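Here the structure is laid out as structure tokens; the discussion comes afterwards.
For clarity, every value in this text was computed on a predicted model and none was experimentally measured. Sequential numbering from 1 along the given sequence is applied to the chain's residues.
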Amino acid sequence: MTKPNMIVRSEEQYRDVIAKALAAKLVSIDSEGEAFDKKAGKTHAFDLALDGIGVFGEGVRAYIPARFLDSQFQRVLNECEVIFHNAKFDLTMIEKEGLDISKLKFHDTMIMSWMLDENRRSFGLKNLAKTILKQKIDDVTEFKDVGDRPTREGLGLFANEYDDRHEKWETALGEYCIDDCKYTYRLFKLFEPQMKEQNLWKVYTELEIPTILVLRAMENRGIMVDESYLKNLGENVEKKLIEIRADIWKDVGKEFDINSSQQLSKILFDEMKLVLPDEYKTDAGKWSTDVNSLKYLSEHANCELAKKVLEFRMFSKLHGTYVVGLLERAKNGIIHGSFLQHGTVTGRLSSSNPNMQNFPRRADEYDIRKAFVARPGYTFVIADLSQIEFRLLAYFSKDPTLLAAYQADKDMHQATADALGCTRNLAKTVNFGLAYGRTAYGMSHSMGMSADEAQRFIDTYFEKFAKLKVFFNQALNFMKKNHYVNTICKRRRRFPEYLAAKRNGDKKGAAHCERQTVNAIIQGSAADLMKVQMRNVHEKLKPFDAHILVQIHDEIIVEVPEVHSELVKEIVKYEMENAMTLPGVPIKTEPEISPRWKK
């Protein structure tokens, strides 16, 4: 018979829960607090007041209201193995109550679910309870079903009525929280043997778990923005938009809504009689006015209007998404973004609120990155890995030409150009295209040649880099047989859709998976390497009050007291270049010191 849940109402009950948790040794914990409220400025875990903590394990299933938490709960954190779902959030909620998490051994079923199926649409606990644990939809309580926190407003002197309402609400919240703990515990028990069977336990415990702590520290620290720079930039961008709009209207000979796809389409294709290849048509059979279509018109039809509309859209996004967006999000001049390690299928980190990955690189007066500045008394150490994806290609393929180029510290694209007798730009286009699984037809436009000519060029490429072709074929054959590939740290990238495509005779779908195969290995391995680097750098920085603030693509930004900048620069360089050993392929970075993000 299932034991009833305990909603702690007394010190005696609280002590009993602590004793049972300690006896259980393995427990799941979930924290409940205020809801996020953008209007109220509550957008991060440390903004929220804690209501209570749920605990579930062998012989214990309880909810502890925050008012009971004291040093006794510290024993649970120190002596038990703790399971969370979205540990980043719960760790912050717990730590801000004055509890120490430094000795905590923990797990995260959200990350485990991602590692076992990165293609899953949702890693939310409720979704997993329904899809994996097969909980009936009606049995899964949603947070909205708990109801709003009761207030004394409108109750006058009827304190008892408030107490009754609060107790009923707290009971509902407690039951909800215990259910979440139960689902988390059951998921862990299900996931642990699966991960060990798939040889994922090592990369999970040694890489993904430490990454949670690094990302949590990055989010909590945040990065400062220069608000006066942003306001000035915003004014300049507005002036630029007015200038471009007037220029476009003058060229067209009339005013129109540049943001209207319908009006723009009429001008480009009906009035100017421009034509696009069929691949640029929408599902409705009409030519698109999206970025790719405008780029094609700009490059192949030499259309000045398309160029100017692209420029207008770029400056519009710069103003609305970046300038205005950052000013709205800044809290006392600090941006606390979110970094997700389960946000991509490749393992690359993603970010949101704001999306740091999308901040454009510019070398002019409209550089949005310069808005990010170090705190007073600090400076940035900015480290960007050199051509890491192609270094990994050289490592995996063991191609002698590529290995020789990197051992001689040559530029990969120039080495390719020298081997093929072509320009560096063409070599770079082909290098990236093949690494990202593009076909000869897909690359032909950017290569400036027909599809047949592009294919002949690619054939010559693989004749010169024969070992690279062998690696591509081996990776493809492994994926076809196993429907997944391994990264350098043995994390898996699965292709379940490949088997379905083959069964259904879907040649296009199967080909899409095949084109992604090599890129999955390279991108996934670059992600693994970056996580190892971040883990190691994070630990080495602690004595110097230095902090990783941002990780984007192959770059990290570290904030360090100015007095330690040169020393930390050398530490970052050493740790990043020696995080892994790639025989025959050196890992290279040249960190820079700067008061602003401008690299």
Side-chain angles (χ1 to χ4, degrees), residues 38-39 43 225-330 335 337-338 343 350-372 442 445-446 552:
K38 186 177 180 180
K39 290 183 179 179
T43 58
V225 290
D226 183 340
E227 293 179 284
S228 62
Y229 177 89
L230 279 173
K231 290 173 183 176
N232 184 60
L233 177 60
E235 292 174 0
N236 291 337
V237 172
E238 285 179 342
K239 292 176 183 177
K240 185 68 174 178
L241 283 168
I242 293 171
E243 178 185 315
I244 299 171
R245 183 188 295 114
D247 203 17
I248 290 174
W249 287 347
K250 181 180 178 182
D251 288 350
V252 174
K254 63 180 178 181
E255 295 185 5
F256 72 101
D257 183 358
I258 301 172
N259 293 317
S260 169
S261 297
Q262 189 175 8
Q263 293 182 37
L264 179 61
S265 177
K266 184 177 180 181
I267 292 170
L268 288 171
F269 307 122
D270 294 345
E271 297 176 13
M272 297 178 66
K273 307 298 183 184
L274 293 171
V275 177
L276 282 169
D278 286 345
E279 64 187 277
Y280 293 96
K281 284 186 176 180
T282 65
D283 292 338
K286 296 183 178 181
W287 283 315
S288 171
T289 57
D290 65 7
V291 172
N292 291 330
S293 300
L294 293 178
K295 282 183 177 178
Y296 182 91
L297 292 174
S298 173
E299 295 170 5
H300 298 278
N302 197 27
C303 177
E304 286 298 318
L305 175 58
K307 292 178 184 178
K308 289 175 182 177
V309 171
L310 283 170
E311 187 181 26
F312 184 84
R313 287 182 180 178
M314 183 274 295
F315 277 105
S316 293
K317 185 173 184 178
L318 182 61
H319 184 268
T321 302
Y322 301 126
V323 175
V324 175
L326 287 175
L327 286 170
E328 288 177 347
R329 291 186 184 282
I335 297 288
S338 296
S350 63
S351 68
S352 60
N353 303 318
N355 183 354
M356 304 291 285
Q357 313 280 354
N358 286 348
F359 278 52
R361 293 175 182 264
R362 300 185 66 94
D364 56 19
E365 68 270 30
Y366 302 108
D367 187 359
I368 188 67
R369 293 187 174 204
K370 285 184 180 179
F372 293 93
H445 293 314
S446 52
I552 172 172

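- Looking only at distances, a side-chain donor or acceptor of Ser293 sits under 3.5 Å from a matching main-chain atom of Ser288.
- Leu268 is listed as a side-chain neighbour of Cys303, based on a closest heavy-atom distance under 4.5 Å.
- The residues Glu271 and Lys254 are annotated as salt-bridged, a charged nitrogen and a carboxylate oxygen being separated by less than 4.0 angstrom.
- Here the NE2-CD distance, from His319 to Glu235, works out to 9.0 Å after rounding to the nearest 0.5 Å.
- Here the shortest heavy-atom pairing between Arg369 and Asp367 reads N-OD1, 3.0 Å.
- Phe372 contributes atom CZ, which lies 6.5 Å from atom CD1 of Ile335 (distance to the nearest 0.5 angstrom).
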| Are Leu327 and Glu227 close enough, and set up right, to give a side chain to side chain contact (heavy atoms under 4.5 Å, CB included), and what steps lead you there? | CA-CA 7 Å; Leu327 286 170; Glu227 293 179 284; 4.1 Å; yes

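- In this structure, Leu276 CG and His300 NE2 are separated by 10.5 Å, a value rounded to the nearest 0.5 Å.
- A pairwise comparison of heavy atoms in Gly320 and Val324 identifies O-CB, 3.5 Å as the closest pair.
- Atom CG of Leu274 is separated from atom OH of Tyr296 by 11.0 Å, given to the nearest 0.5 angstrom.
- Closest approach of Ser298 and Ala306 over heavy atoms only: N-CB, 4.1 Å.
- Contact annotation: the side chain of Glu365 never approaches that of Asn236 to less than 4.5 Å [non-hydrogen atoms, C-beta and beyond].
- Here the side chains of Pro354 and Leu326 are in contact, with some heavy-atom distance below 4.5 Å.
- Among the candidates Val275, Thr289, Leu264, the single residue satisfying the side-chain contact (heavy atoms from CB on, under 4.5 Å) test with Phe269 is Thr289.
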| Taking it one step at a time, do Ile244 and Lys240 satisfy side chain to side chain contact (heavy atoms under 4.5 Å, CB included)? | CA-CA 6 Å; Ile244 299 171; Lys240 185 68 174 178; 3.9 Å; yes

| task | Could you check Glu311 against Asp247 for side chain to side chain contact (heavy atoms under 4.5 Å, CB included), going step by step and ending with a plain yes or no? | result | CA-CA 11 Å; Glu311 187 181 26; Asp247 203 17; over 6 Å; no

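- Counting heavy atoms from C-beta outward, Leu294 and Arg313 have side chains that approach closer than 4.5 Å.
- For residues 282-304, every residue pair satisfying the salt bridge (charged side-chain N to carboxylate O under 4.0 Å, His left out) rule, not counting sequence neighbours, is listed here: Glu304-Lys307.
- A distance of 9.5 Å separates CG in Leu318 from CZ in Phe359, rounded to the nearest 0.5 Å.
- Remark: the backbone N or O of Phe312 is paired with a side-chain donor or acceptor of Ser316 at under 3.5 angstrom.
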| field | Verdict with supporting geometry, Asn358 and Tyr322, side chain to side chain contact (heavy atoms under 4.5 Å, CB included) | value | CA-CA 10 Å; Asn358 286 348; Tyr322 301 126; 3.4 Å; yes

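- Distance CZ/Arg245 to CD1/Ile258: 6.0 Å, rounded to 0.5 Å.
- Ring geometry, Phe315 versus Tyr366: the interplanar angle exceeds 60°, so the pair is classed perpendicular (tilted spans 30 to 60°).
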